[in-house]
Amino acid sequence: MDIASKYNPKEVEPKILQKWLKDNSFSAKSDTKHKPFSIAMPPPNITGILHMGHALNNTIQDVLIRFKRMQGYRSLWMPGTDHAGIATQNVLEKELAKEGLKKEDIGRKEFIKRLWSWRDKYGSTIIEQLKKLGASCDWQRTRFTMDERYSEAVKDVFISLHKKKLIYRDNYIINWCPRCKTALSDEEAAHKEIDGWLYYIKYPVFPKPETKNPHPAYIVVATTRPETMLGDTAVAINPKDTRYDWLKGKTIILPVVERELRLIEDEAIDPEFGTGIVKVTPAHDPVDFMLGKKYKLDFINIMNDDATLNKNVPNDFIDKDRFQARRELLALLEERKLIERKEPYKVNAGHCYRCNTIIEPRISLQWFVRMKPLAKEAIKVVEKDKIKFYPQRWKKVYLNWMYNIHDWCISRQIWWGHRLPVWYCGGCNPDLKLHLSPKLEELDPNNPILRSEFNIRSIASNLAYVVSKEKPVCKKCKTANWMIQDSDVLDTWFSSWLWPFATLDWPKKNKDLNYFYPTNCLITASEILFFWVARMIMSGLEFMKEIPFRDVIIHGTVRDDKGTKMSKSLGNIIDPLEIIDKFGADALRFSLIMLAASGSDVYLSDSKFLVGRNFSNKIWNATRFIFLKIKDNNIRIDNLEFKILDIPDKWILKELNTTVEQITSYLESYSLNEAAKKIYDFFWHVFCDWYIEIIKDNFTPNRAKVSMYILLNSMKLLHPFMPFISEEILQLIKDNTSLRIEKNLGHLDWPKEYKLKIEKKDIEEINALFDSIKEIRNIKADLGLGQKKVKLEVKTKVEKQNLWQDNKAWLQRLTLTSEIAFKNELERVLYENFFWSLNFDTESVDMSVFVSSLNKKIKNLEGVAKKVNARLKNDSFLKQASHDIVNKERDKSKSMSWELERLKKLQRAFAPAK
RNA sequence: GGGCGGUUGGCGCAGUGGAAGCGCAUCUCGUUUACACCGAGAGGGUCGUAGGUUCAAAUCCUACACCGCCCACCA
């Protein structure tokens, strides 16, 4: 057996991965004899490639899944991808553009066909990348939000909500992306401040013919979007604002358009802002829309779907882009001296979350989900902590959003997605029939198709509709021949909100759904709390009558080392695959977990991954050393039962017990980074730095077993974090010992406490030895003796002499002393504790560094001791503090004076004679 | 405008009432029975500011400052 002195993940990881996949290691079957544990992976977009955010998100999930699997749960991690309507469509549109084509050029059918073949080719890239990360998903269950069965569930949900009148169709002001040419939900409009102008525009006011006019012949309104004035139908003031009493009864004329505007009064108007008068554009502004509804104003839609102006504006502006129109309109107003002034202004504008185009609020016929009724239960379960957030503070954020929830616009005017199960009859609607192709119908009477790219939307508001999963028969015409499906598709999130149960083949009743739902945890970044998490809770309660998950774990955002969010467009991304290539997936995973304090953002740079890389190598070499020793000493290990245990053996086993207990409890409370720190610290600084150092001299068969036991259990503890290297080391254990281990590491039992008798005295003694070693090293370093071998003198009782004698070899090595001699008296005392005093020869060395460090220590300690002693003399402290505290302080004071005494003795021994 | 976080050594973070800690970086020493992707040591902080509560405050309270997120119909 030869083990390389450097760990090579590039060789190990693909090999282990291959084995896992071949054995189908992570398949999860329902089994009522065991408890279930399940997580539904947030499905990445099919357009996605693995980025650091995914790496962090999925590592957290994998740690929990692997941990629970080892604890004996039937652990299901459900993987899958999201069709990501707009995002995917945009990608393909860009591809088409390379051929000089638009999607309209090839038509809907062909476009969808290409989308599917694109997804077959690239859509599972990210799944393959997740495998490289070590994700232990049940890959055979991989789902896609547009799978046939999943699509059925989506339709069922639409129909069910519609039946309950929780889905409705209405003309409403929505966020419109003029580039994607679709409606967006409120959540999909990201508000960002941009630099703009606030324009003060004069609207002329005319007196009624018979009255005189003592006031200026215009009013001034302020706006950031002047072009929308072409759709104004009113101006508004606050009813309490007496400044404009004179306006009542006058005629206000909209410039350029020359339309008469109504004057309305509403509390919503802030008299302090601008001039206190607001122009009202009901079809292009959310507030104005409300006012329009309230006061029954005219709604004039002035824009086409690409945000060029339509025929409802004066001729000069028709077909001009909104920003071009703005410039030209401003010029015209300027010319007519109708602009009073303009001032720089920060405009808070909505941006399309997919293409970053500025949203145009626009009135439009869309489909909505009534959210208030759905939110009711979803609020309760969080208020009552049936669903808990980690960190807790997100509970408030969630609730605040839920209390103020608005209806959800779910229809999208794109092609890639689940088409609305809504049908119109051409037979009953001549307008529509005109556009149905009779020719194609002859070929397939059951499949009428639109003749051209005519958009049903343009006449939909006049059409009666039928909601149905399959093509329905028209009640009037008694035939399905003229039935045509709505051209809109559903918001992507309208399918992903069903993820926790639709992936388990809901609505089909089945064992797995019953067993694995509700899932245990949901792990996500805060960005999709409203998009996804909140909606899943609502849909779970609505359709499963049960919460979808119990714990929501929200991790931070991945940033670069300057704190900027990583994004492709900023070019500051660190590619997880490159890190895997350079350092290994284990190193990537471990480093991420170490850096991600629960819920806080993660700052990354290439060098941050060295933690994981170095740790892998350390583990590798410790293992290598143990096996070298076993081989050198010709030891056969066929069981892990220990007969005789020395103090260091008992000590390390006890340390392992503590570590097991702590890691288990950290993992159970989702403090993954604490757990990772613990295994790191135990393996490196307890096991390697002390135990292995100790046993080097005396590698008995018994100690071979103890170290093998520690190694094996460390690998188990490590496995959730570093699955590859731990699995590989288990393989080495199998290959190089006679231990019978049947399973993969990931399926072995999670470590338990090792029952062991250890007396308090043993622990005290070994700690006294460790302290002595550290102190000797300290003093030697201060004296500049560094690595020089000195003669150590020990003064202690016979009984403790035996302790030193028994452990002499390693004590000598760890203190770098050439010999240890027992003395009845010491010439001077360099270190003493309850059990013994020590001295060693210092020959002619420079004492100055040592003495000054000694003086400093004494000064510090004196300072603290003074405070403690003052406290102990303070009556109010003695009266008011608890007994425990007072006793603690007394102990503290005692040990401090003892330590001070010791230091002062040293000082006397070393201080240059004056 | 509202809400929520944060402010602790050069950097990233722990510490939620009783002697300021960890990792990285820095410095010194070191080829020693695996590992230089290593080992042994050292230096470095009046815990954002100002008040208050308390025998005792990094920790609790109140203001303020700065940073960051989220929500919101101030045109």
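Order of the sequence lines fixes the chain letters, A, B, ..., with proteins taken first and strands second; residue numbering starts at 1 for each chain.
- Of the C1' atoms belonging to G51(B) and C69(B), the separation is 29 Å, rounded to the nearest Å.
- For the pair K888(A) NZ and C55(B) P, the computed distance is 20 Å after rounding to whole Å.
- At a cut-off of 3.5 Å, with distance as the only test, a side-chain donor of Y295(A) or D266(A) sits close to an acceptor on the other residue.
- Base-pair partner of G9(B): not found among the strands shown (Watson-Crick or G-U wobble, both distances under 3.5 Å).
- Comparing A75(B), C73(B), C35(B) by their nearest atom to the side chain of P286(A) picks out C73(B).
- Within the shown strands, G48(B) is the pairing partner of C64(B) under the Watson-Crick or G-U definition, both distances less than 3.5 Å.
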- Checking side-chain contact (heavy atoms from CB on, under 4.5 Å) for the pair T233(A)/F299(A): CA distance, chi angles, key distance, verdict? CA-CA 7 Å; T233(A) 54; F299(A) 291 79; over 6 Å; no
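- Spacing of P atoms, G18(B) relative to C60(B), comes out at 11 Å, to the nearest Å.
- Of the N and O atoms on the side chains of K279(A) and T228(A), at least one donor lies less than 3.5 Å from an acceptor on the other residue.
- In this structure, V864(A) reaches the bases: a heavy-atom distance under 4.0 Å links it to at least one base atom across the strands shown.
- Here K780(A) lies out of heavy-atom contact (under 4.0 Å) with every strand.
- Between Y345(A) and W197(A), the shortest heavy-atom contact is CB-C, 3.9 Å.
- Among the heavy atoms of the strands lying under 4.0 Å from Y345(A) are primed sugar atoms or P, OP1, OP2 only; no base atom is included.
- Nucleic acid contact class of K856(A) (heavy atoms, under 4.0 Å, all strands): sugar-phosphate only.
- Between G45(B) and G10(B), the distance separating the two P atoms is 8 Å to the nearest Å.
- When the nucleotides C35(B), U33(B), C13(B) are ranked by their closest atom to the side chain of R813(A), U33(B) comes out on top.
- The side chain of K774(A) has G41(B) as its nearest neighbour among G41(B), A75(B), C37(B).
- Pairing of U54(B), defined by two Watson-Crick or G-U wobble distances under 3.5 Å, is not identified with any nucleotide.
- Considering only side-chain atoms of Y603(A), the nucleotide from C35(B), C4(B), C13(B) that sits closest is C13(B).
- Atom C1' of C55(B) sits at a distance of 35 Å from the matching atom of C4(B), rounded to the whole Å.
- Comparing A14(B), C71(B), G41(B) against the side chain of N778(A) picks out G41(B) as the nearest.
- No donor-acceptor distance shorter than 3.5 angstrom exists from the side chain of T817(A) to the backbone of V790(A), with no hydrogens or angles considered.
- Regarding L399(A), its CG atom lies at a distance of 13 Å from the C1' atom of C4(B), rounded to whole Å.
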- Message: Working note: T281(A) + R225(A), criterion side-chain contact (heavy atoms from CB on, under 4.5 Å); need CA distance, chi angles, decisive distance, verdict.
- Response: CA-CA 11 Å; T281(A) 323; R225(A) 295 187 295 148; over 6 Å; no
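- Atom name C1', nucleotides C24(B) and C37(B): the rounded distance is 14 Å, in whole Å.
- If you measure from atom NE2 of H191(A) to atom P of G1(B), you get 18 Å, rounded to the nearest angstrom.
- Across C4(B), G18(B), A34(B), the shortest atom-to-atom separation from the side chain of K396(A) is found for C4(B).
- Residues from residues 691-699 of chain A lying near RNA chain B, meaning a heavy-atom separation below 4.0 Å, are E693(A), K696(A), D697(A) in numerical order.
- Residue side chain R613(A) reaches the base of C37(B) through a donor-acceptor N/O pair under 3.5 Å, judged by distance alone.
- For K618(A) and C35(B), a side-chain-to-base donor-acceptor distance below 3.5 Å is present, hydrogens and geometry of angles not being considered.
- Rounded to the nearest Å, the gap between the C1' atom of G48(B) and that of U7(B) is 6 Å.
- One finds a salt bridge joining E693(A) and R813(A) here, because a Lys/Arg side-chain nitrogen approaches an Asp/Glu carboxylate oxygen to under 4.0 Å.
- Remark: of the listed residues L732(A), I619(A), I725(A), I619(A) is the sole one forming a side-chain contact (heavy atoms from CB on, under 4.5 Å) with M715(A).
- In this structure, U33(B) makes no Watson-Crick or G-U wobble pair, since no nucleotide meets both defining distances under 3.5 angstrom.
- The side chain of F625(A) lies closest to U33(B), out of C70(B), A75(B), U33(B).
- The closest side-chain donor-acceptor pair between N175(A) and D186(A) falls under 3.5 angstrom.
- Using C1' as the reference atom, U8(B) and C47(B) are 4 Å apart when rounded to the nearest Å.
- Between G3(B) and U62(B), the two P atoms lie 13 Å apart (nearest whole Å).
- As rounded to whole Å, 12 Å separates atom C1' of A75(B) from atom CD1 of I277(A).
- Set against A75(B), C37(B), C55(B), the side chain of T223(A) has A75(B) as its closest nucleotide.
- A cation-pi arrangement is not found for K774(A) relative to Y831(A), the charged atom failing to lie both closer than 6.0 Å to the ring centre and inside a 45° cone about the ring normal.
- Taking atom CG of L592(A) as the reference point, atom C1' of G12(B) lies 14 Å away to the nearest angstrom.
- Rounding to whole angstrom units, CH2 of residue W684(A) and P of A36(B) are separated by 11 Å.
- When each of A34(B), C71(B), G41(B) is scored by its nearest atom to the side-chain atoms of A781(A), the top-ranked nucleotide is G41(B).
- Phosphate contact (OP1/OP2 of A56(B), side-chain N/O of N874(A), threshold under 4.0 Å): absent.
- Computed from coordinates, the D689(A) CG to A34(B) P distance equals 14 Å when rounded to whole Å.
- Taking each heavy atom of S714(A) and I679(A) in turn, the nearest pair found is O-CD1, 3.9 Å.
- The residue among S616(A) and K629(A) whose nearest nucleotide of RNA chain B lies closer to the 5′ end is K629(A).
- Residue contacts for N348(A): at a heavy-atom cut-off of 4.0 Å it reaches a base atom on one of the strands shown.
- Comparing R225(A) and K608(A) along RNA chain B, the residue whose closest nucleotide (by nearest heavy atom) sits nearer the 5' end is K608(A).
- Using a 4.0 Å heavy-atom distance criterion, L198(A) is classed as making no nucleic acid contact.
- OP1 and OP2 of G5(B) both lie 4.0 Å or more from every side-chain N or O belonging to R393(A).
- As rounded to whole Å, 14 Å separates atom C1' of A25(B) from atom CG of N614(A).
- For U26(B), the paired base is A42(B) (Watson-Crick or G-U wobble, both distances below 3.5 Å).
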